[in-house]
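Scroll down for the structure; my scribbles are underneath it.
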Amino acid sequence: MLTSTEHESLAESRNGGKNQSLFPTTSVCVVGLGYIGLPTASILASKGYQVSGVDVREDVVETINRGEIHIEEPDLDVLVKAVVANNRLKAIREPQPADIFIICVPTPFTSDHRPDLSYVEKASRAIQPHVKPGNLIILESTSPPQTTADVVAKHAIPDGLTIGKDIFVAHCPERVLPGRILIEAVENDRVVGGLTAACTRKAKAFYDTFVTGDVLGTTAVSAELTKLVENSFRDVNIAFANELSILCDKFESDAWEIIKLANRHPRVNILTPGPGVGGHCISVDPWFLVDAAPELTPLIRTAREVNESKPHHVVEKVVKLSRQFNEPVIGCLGLTYKADVDDLRESPSLEITRELHQRGIGEVLACDPLISSKQFSEFPLHSLDEILRRATLIVLLTDHREFLEISPAILHEKVVVDTRGIWR
Ligand code: SAJ
């Protein structure tokens with residue numbers, strides 16, 4: 001069994017660094033056209049690959065084949081329109097034969113924080129009838145350790161094909177920041193981990209045709225762990241900032257001032273407190289490590305529990321402050337999980353607004369510049385102007401750039417809970 005270092009040196013030596021040769025007319029089948037799959041398929045199509053994008057949602061397939069998009073990501077609409085128009089990208093419902101298969105499907109977790117790998121298994125089984133000798137199969141979905149071997153290799157490879165000889169399988173986790181995906185998918189360093197050294201080489205050669213960052217070879221399980229470790233590191237550090245903010249509430253101190261002062265230390269870099277941790281990555285990935293080794297991950301688990309408890313802390317703070325009004329009108333600004341993206345998944349801002357509605361402590365008004373009443377009907381949405389006019393208590397939950405411009409004179413007349421520290 002080769003070590004990660006041997007994998008990496010083999011991948012580098014045989015491949016000789018960046019493979020910026022002519023973009024091949026290789027065909028690629030991308031399974032899953034969400035926040036990662038559609039940008040990935042579009043970038044590959046723009047680099048000269050013939051790309052088929054697979055999605056089970058008929059409306060998504062139809063939208064893309066019209067040259068339009070179903071998600072919010074800067075510049076993606078222009079790119080999809082162009083590659084669909086020049087027939088380099090076509091959306092389909094079922095996989096078809098290709099030289100390279102990339103699986104970009106969701107890997108959520110269940111209510112008891114167990115990984116749900118059913119989408120990965122379903123995608124692996126769906127491509128299996130089309131897999132031929134010489135194909136490269138890549139899992140990009142963030143997954144628990146051993147998923148590439150135990151799920152993809154198990155269900156995607158036809159009988160009789162030998163991994164590393166007839167067929168090549170690797171894991172290459174994405175690490176793009178929503179809102180910068182088209183930039184970071186190309187410029188960020190990537191980790192590629194094969195089930196054998198030959199798989200690592202094959203995957204690295206592919207990513208080297210369009211990634212301008214370094215493509216670093218390792219084993220599949222190391223690539224799976226690297227991704228989970230990146231996001232767990234961030235979650236632990238956000239939990240520290242959130243615990244600090246709760247501590248500062250007790251001592252009626254300004255957490256953001258203390259962080260600013262502490263970060264002047266040359267080796268201290270405390271992150272920013274918020275209302276909790278949302279998104280389908282940071283709030284999910286650490287649980288994959290906890291599930292894989294619960295007895296070995298007390299810190300990662302505790303950080304998750306701190307971040308998951310932050311929304312309740314915010315709700316209790318608002319409830320307590322609302323008692324000063326006979327008829328409180330609470331204005332919640334922001335529903336998405338972070339600034340300037342339209343993603344509601346695991347959003348603490350939505351969770352807090354929902355809980356305030358349920359507590360029935362007064363009228364709750366809510367707005368988010370990126371969420372419209374057409375796409376969201378759980379509770380009524382209001383205009384920012386109406387909220388600033390009517391609310392007696394303002395709760396800043398998502399720091400969209402539009403909220404940065406609210407006049408301090410208006411806020412001065414209100415009771416304000418600024419969970420992001422943007423109005424200090
Ligand atoms: N947050 C804070 N305080 C901070 C930073 C973030 O409260 O100082 C909150 C955000 O408001 C948000 C949540 O944490 O609710 C996650 O935000 P994020 O920007 O850290 O995470 P994502 O999910 O948008 O992107 C992360 C990135 N991973 C890392 O930064 C290590 C990105 O590079 C990954 O590719 C992405 O997860 C992913 O897809 O895994």
Side-chain angles (χ1 to χ4, degrees), residues 32 34-37 39-40 71-74 104-109 140-144 171-191 213 223-246 255-256 259-260 262-263 269-289 300 303-304 306-311 313-314 333-352 368 370 396-401 403 418-422:
Y35 281 85
I36 300 303
T40 301
I71 54 177
E72 180 90 12
E73 182 61 32
C104 299
V105 296
T107 48
F109 59 80
E140 283 211 355
S141 308
T142 302
S143 301
H171 178 62
C172 182
E174 49 75 22
R175 48 169 52 154
V176 293
L177 201 62
R180 289 178 44 81
I181 294 179
L182 293 182
I183 298 161
E184 295 200 356
V186 173
E187 294 181 3
N188 284 6
D189 295 346
R190 298 286 288 245
V191 175
E224 289 159 343
L225 282 169
T226 299
K227 173 66 185 179
L228 300 177
V229 161
E230 286 166 3
N231 283 349
S232 300
F233 171 83
R234 189 155 173 84
D235 195 50
V236 166
N237 283 275
I238 296 168
F240 182 84
N242 281 329
E243 188 157 284
L244 169 58
S245 71
I246 293 170
W256 286 271
I259 289 168
K260 192 175 172 188
N263 282 354
N269 177 29
I270 302 171
L271 296 182
T272 308
V277 169
H280 55 296
C281 311
I282 305 281
S283 61
V284 174
D285 299 355
W287 285 121
F288 289 171
L289 286 180
I300 296 172
R304 279 283 71 234
V306 166
N307 286 329
E308 288 188 343
S309 71
K310 186 65 188 297
H313 173 80
V314 173
L333 303 190
L335 294 173
T336 63
Y337 85 91
K338 74 176 199 179
D340 306 325
V341 296
D342 71 335
D343 195 340
L344 290 168
R345 285 177 291 184
E346 311 296 325
S347 172
S349 303
L350 175 56
E351 182 183 342
I352 291 165
D368 188 302
L370 292 173
L396 188 283
L397 293 169
T398 307
D399 44 338
H400 292 302
R401 66 170 68 96
F403 299 147
D418 176 4
T419 69
R420 302 277 183 168
I422 63 169

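As the structure is a computational prediction, the values presented were derived from the model and not from experiment. Order of listing sets the numbers, starting from 1, for every ligand and every atom in it. Just so you know, residue 1 is the first one in the sequence shown, and it goes up from there.
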Study note, to complete from the structure: Between Leu396 and Thr419, the two heavy atoms sitting closest are O-OG1, 2.7 Å
Exercise for review: Assign the ring pair His280 / Tyr337 to parallel, tilted or perpendicular, where the plane angle (0 to 90°) is split at 30° and 60°.
Suggested key: perpendicular
Review point. Nearest heavy atom to atom 18 (P) of ligand 1: which of His280, Arg345, Arg234 does it belong to?
Key: Arg234
Exercise for review: Would you check if Leu289 and Leu225 make a side-chain contact, meaning some heavy-atom pair closer than 4.5 Å?
Suggested key: yes
Review point. Relative to the heavy atoms of Glu230, which atoms of ligand 1 are at a distance of less than 4.0 Å?
Key: 31 (C)
Review point. Should you measure from each heavy atom of Cys281, which atoms of ligand 1 turn up under 4.0 Å away?
Key: 23 (O), 36 (C), 37 (O), 38 (C), 39 (O), 40 (O)
Revision key, fill the gap. Between Ala262 and Ile270, the two heavy atoms sitting closest are CB-CD1, 3.8 Å
Review point. Does Lys227 pair with Glu174 as a salt bridge, N-O distance under 4.0 Å?
Key: yes
**Study point:** Min N/O separation Gly278 to ligand 1 under 3.5 Å
**Key:** yes
Review point. N/O of Tyr337 under 3.5 Å from N/O of ligand 1, yes or no?
Key: yes
Review point. Counting only heavy atoms not in Glu243, do more than 12 sit closer than 6.0 Å to its CD atom?
Key: no
Review point. Which protein non-hydrogen atom lies closest to atom 27 (C) of ligand 1, naming both residue and atom, and how far is it?
Key: Leu177 CD1, 3.9 Å
Check your understanding: Side chain, backbone, both or neither: which part of Lys310 has a heavy atom under 4.0 Å from ligand 1?
Key -> neither
Point to revise | Sub-3.5 Å N/O-N/O distance, Glu184 and ligand 1 | key: no
Exercise for review: Check whether any side-chain heavy atom of Pro348 sits under 4.5 Å from a side-chain heavy atom of Glu308, and report yes or no.
Suggested key: no
**Study point:** Nearest-contact summary for atom 4 (C) of ligand 1 - protein heavy atom, Å
**Key:** Thr272 O, 3.5 Å
Review point. To the nearest 0.1 Å, how far is atom 17 (O) of ligand 1 from its closest protein heavy atom, and which atom is that?
Key: Lys338 CD, 4.0 Å
Review point. Short N/O distance, under 3.5 Å, between Glu174 and ligand 1?
Key: yes
Check your understanding: Of the listed options (Asp343, Asn188, Ile282, Leu397), which comes nearest to atom 26 (C) of ligand 1 when hydrogens are ignored and any heavy atom counts?
Key -> Ile282
Check your understanding: Does any N/O atom on Val176 come nearer than 3.5 Å to any N/O atom on ligand 1?
Key -> yes
Practice item. Give the residue and atom name of whichever protein heavy atom lies nearest to atom 28 (N) of ligand 1, and the separation in Å to one decimal. Key: Asn231 OD1, 2.9 Å
Review point. Is it true that Thr142 lies under 4.0 Å from ligand 1, counting heavy atoms only?
Key: no
Practice item. Identify the heavy atoms of Gly276 and Pro311 that sit nearest to each other, and give their distance. Key: CA-CD, 4.2 Å
Exercise for review: Write out the residue and atom name of the closest protein heavy atom to atom 1 (N) of ligand 1, then the distance separating them to 0.1 Å.
Suggested key: Ile238 CD1, 3.7 Å
Practice item. Pull out every atom of ligand 1 sitting under 4.0 Å from any heavy atom of Lys227, numbered as shown with elements. Key: 34 (C), 35 (O), 38 (C), 39 (O), 40 (O)
Study note, to complete from the structure: Of all protein heavy atoms, the one nearest atom 11 (O) of ligand 1 is Arg420 NH1, 2.6 Å
Check your understanding: Any chance the side chains of Thr107 and Ser143 put a donor and an acceptor closer than 3.5 Å?
Key -> no
Review point. Which protein non-hydrogen atom lies closest to atom 33 (O) of ligand 1, naming both residue and atom, and how far is it?
Key: Arg175 O, 3.3 Å
Check your understanding: Any heavy atom of Ala241 sitting closer than 4.0 Å to ligand 1?
Key -> no
Exercise for review: Identify the residue among Val341, Thr336, Ile422 that makes a side-chain contact (heavy atoms from CB on, under 4.5 Å) with His400.
Suggested key: Thr336
Review point. If you round to the nearest 0.5 Å, how far is NZ of Lys310 from CD1 of Ile246?
Key: 5.5 Å
Practice item. Indicate yes or no: does Arg190 engage Glu140 in a salt bridge with an N to O separation below 4.0 Å. Key: yes
